[in-house]
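Numbering of residues begins at 1 and proceeds along the displayed sequence. Heavy-atom basis, side chains included; hydrogens, waters and symmetry copies ignored.
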Amino acid sequence: MPDTVCPWLYLASQSPRRRQLLDQLGVAHRLLLPDADEDAEALEQERPGECPEDYVQRVTRAKWEAAMARLARHRARDAAAWPAAPVLCADTTVALGDRILGKPADAADAARILSSLSGQDHRVLTAVVVEGQLRLSVSQVRWRTLSVDEIARYVASGEPMGKAGAYAIQGRSGAWTAHLSGSYSGIMGLPLFETAELLKPLGWQF
């Protein structure tokens, strides 16, 4: 990697899965999380008539721009503690047709989302932005039909909370996946191929 390129980046995400996937690529990173007075959830609000592809790309760009502004504030206060480095941001959404299935509000909402996905094909879309450049990963997932008890047990495990579509492919719901086409890592939350393609021009080698 050239000396002019920082050998690490800022990850503007609280997702442990994204940290895990960057570790898998061997990309060193430091968290750049929202300040207490930032309303990160407001960036995820849907707009009327917005399709899932447009939604996930808009939200990811908005989160990246917010992260860049955050880094600028940190550097203005203490540039030595916050050295300049690339910022990576990603966002994932699940779509059933054109309907966006976000993070469940509560257990009942999680059960409703999971019931709607039972036995259905759905899409998982993850957008990644680095240095203002965006890549989009779209994957197709088909679940077998789930029983009411299976859904209830999964909701009770707590795993659906805080996750788009109310599930984690790398968790218990992997047992329901009858077919998958696309990017497994993208469904987890950070598509490795697209991420690597964004990082290569910055000097990373894979």
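Side-chain atoms of L136 and E194, non-hydrogen and from C-beta on, never get closer than 4.5 Å to each other. Here the side chains of Q205 and K200 are not in contact, with every heavy-atom distance at 4.5 Å or above. Contact annotation: the side chain of W204 never approaches that of L25 to less than 4.5 Å [non-hydrogen atoms, C-beta and beyond]. By the 4.5 Å heavy-atom criterion applied to side chains, R123 and V94 are not counted as neighbours. Looking at D23 and H29, their side chains come closer than 4.5 Å, going by heavy atoms from C-beta outward. In this structure, L190 and R17 have side chains that are not in contact, with every pair of non-hydrogen atoms separated by 4.5 Å or more. In this structure the side chain of T177 reaches within 4.5 angstrom of the side chain of V141, judged on heavy atoms. The shortest distance between side-chain heavy atoms of W8 and P83 falls below 4.5 Å.
Proximity of a side-chain donor or acceptor of Q45 to a complementary backbone N or O of A42 within less than 3.5 Å is not detected. With hydrogens and angles disregarded, no donor-acceptor distance shorter than 3.5 Å links the side chain of R135 to the backbone of E197. The main-chain N or O of P52 is never found under 3.5 Å from a side-chain atom of R99 such that the two would form a donor-acceptor pair. Checking side-chain atoms of S118 against main-chain N and O of L146 turns up a donor-acceptor pair under 3.5 Å.
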Stepwise, does the side chain to side chain donor-acceptor pair (under 3.5 Å) test hold for T92 with R18? CA-CA 11 Å; T92 300; R18 292 191 178 115; 3.2 Å; yes

Between R58 and R47, is the side-chain contact (heavy atoms from CB on, under 4.5 Å) condition met? List the steps. CA-CA 10 Å; R58 175 182 61 80; R47 294 176 177 174; 3.1 Å; yes

For V129 and L88: C-alpha separation, side-chain torsions, deciding distance, then whether side-chain contact (heavy atoms from CB on, under 4.5 Å) applies. CA-CA 6 Å; V129 174; L88 183 151; over 6 Å; no

If you apply the rule side-chain contact (heavy atoms from CB on, under 4.5 Å), what do you find for Q57 with L134, and how did you get there? CA-CA 8 Å; Q57 292 178 82; L134 183 145; 3.4 Å; yes

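In plain terms, the two heavy atoms of Y55 and E46 that are nearest each other are CE1-CG, 3.8 Å. Across all non-hydrogen atoms, the minimal contact from V128 to L198 is O-CD1, 3.6 Å. Across all non-hydrogen atoms, the minimal contact from D35 to E38 is N-OE2, 2.8 Å. Here the closest heavy-atom approach between residue V124 and residue G186 is recorded as CG1-O, 4.4 Å. Nearest heavy atom pair, residue E131 against residue P86, reads OE1-CA, 3.5 Å. Across all their heavy atoms, L21 and L192 have their closest contact at O-CD2, 3.6 Å.
Going from atom CD1 of I113 over to atom NZ of K103 covers 12.0 Å, rounded to the nearest 0.5 Å. Here L22 contributes atom CG and T195 contributes atom OG1; the two are 7.0 Å apart, rounded to the nearest 0.5 Å. A distance of 7.5 Å separates CG of L114 from OG of S116, quoted to the nearest 0.5 Å. A distance of 12.0 Å separates CE in M68 from CZ in R73, rounded to the nearest 0.5 Å. A distance of 11.5 Å separates CD of E50 from CG of D98, quoted to the nearest 0.5 Å. Note: S137 OG to I187 CD1 = 7.5 Å, rounded to the nearest 0.5 Å.
Follow the hydrophobic side-chain contacts under 4.5 Å out from L33 and you reach L11 in the same cluster. Hydrophobic clustering, with ILVMFWY side chains joined whenever heavy atoms are under 4.5 angstrom apart, keeps L125 apart from L43. Under the 4.5 Å side-chain heavy-atom criterion for grouping Ile, Leu, Val, Met, Phe, Trp and Tyr, M161 is not connected to L101 through any hydrophobic cluster. V27 and L31 fall within a single hydrophobic cluster, where Ile, Leu, Val, Met, Phe, Trp and Tyr are joined by side-chain heavy atoms under 4.5 Å apart, directly or via other members.
With W82 as the aromatic partner, R30 meets the cation-pi criteria of under 6.0 angstrom to the ring centre and within 45 degrees of the ring axis.
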Please output the side-chain donor-acceptor pairs of residues 163-176 that fall under 3.5 Å, not counting sequence neighbours, one pair per line with the distance.
residue: K163; atom: NZ; partner: E159; partner atom: O; Å: 2.8
residue: Y167; atom: OH; partner: H122; partner atom: NE2; Å: 2.8
residue: S173; atom: OG; partner: A168; partner atom: O; Å: 2.6

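With respect to the salt-bridge test (charged N to carboxylate O, under 4.0 angstrom), the residues K63 and D91 qualify. The pair E150-R144 meets the salt-bridge criterion, with a side-chain N (NZ, NE, NH1 or NH2) lying under 4.0 Å from an Asp/Glu carboxylate O.
More than 12 non-hydrogen atoms from other residues, nucleotides or ligands lie less than 6.0 angstrom from CZ of F206.
Residues S183 and S185 have side chains that bring a donor and an acceptor to within less than 3.5 angstrom of each other.
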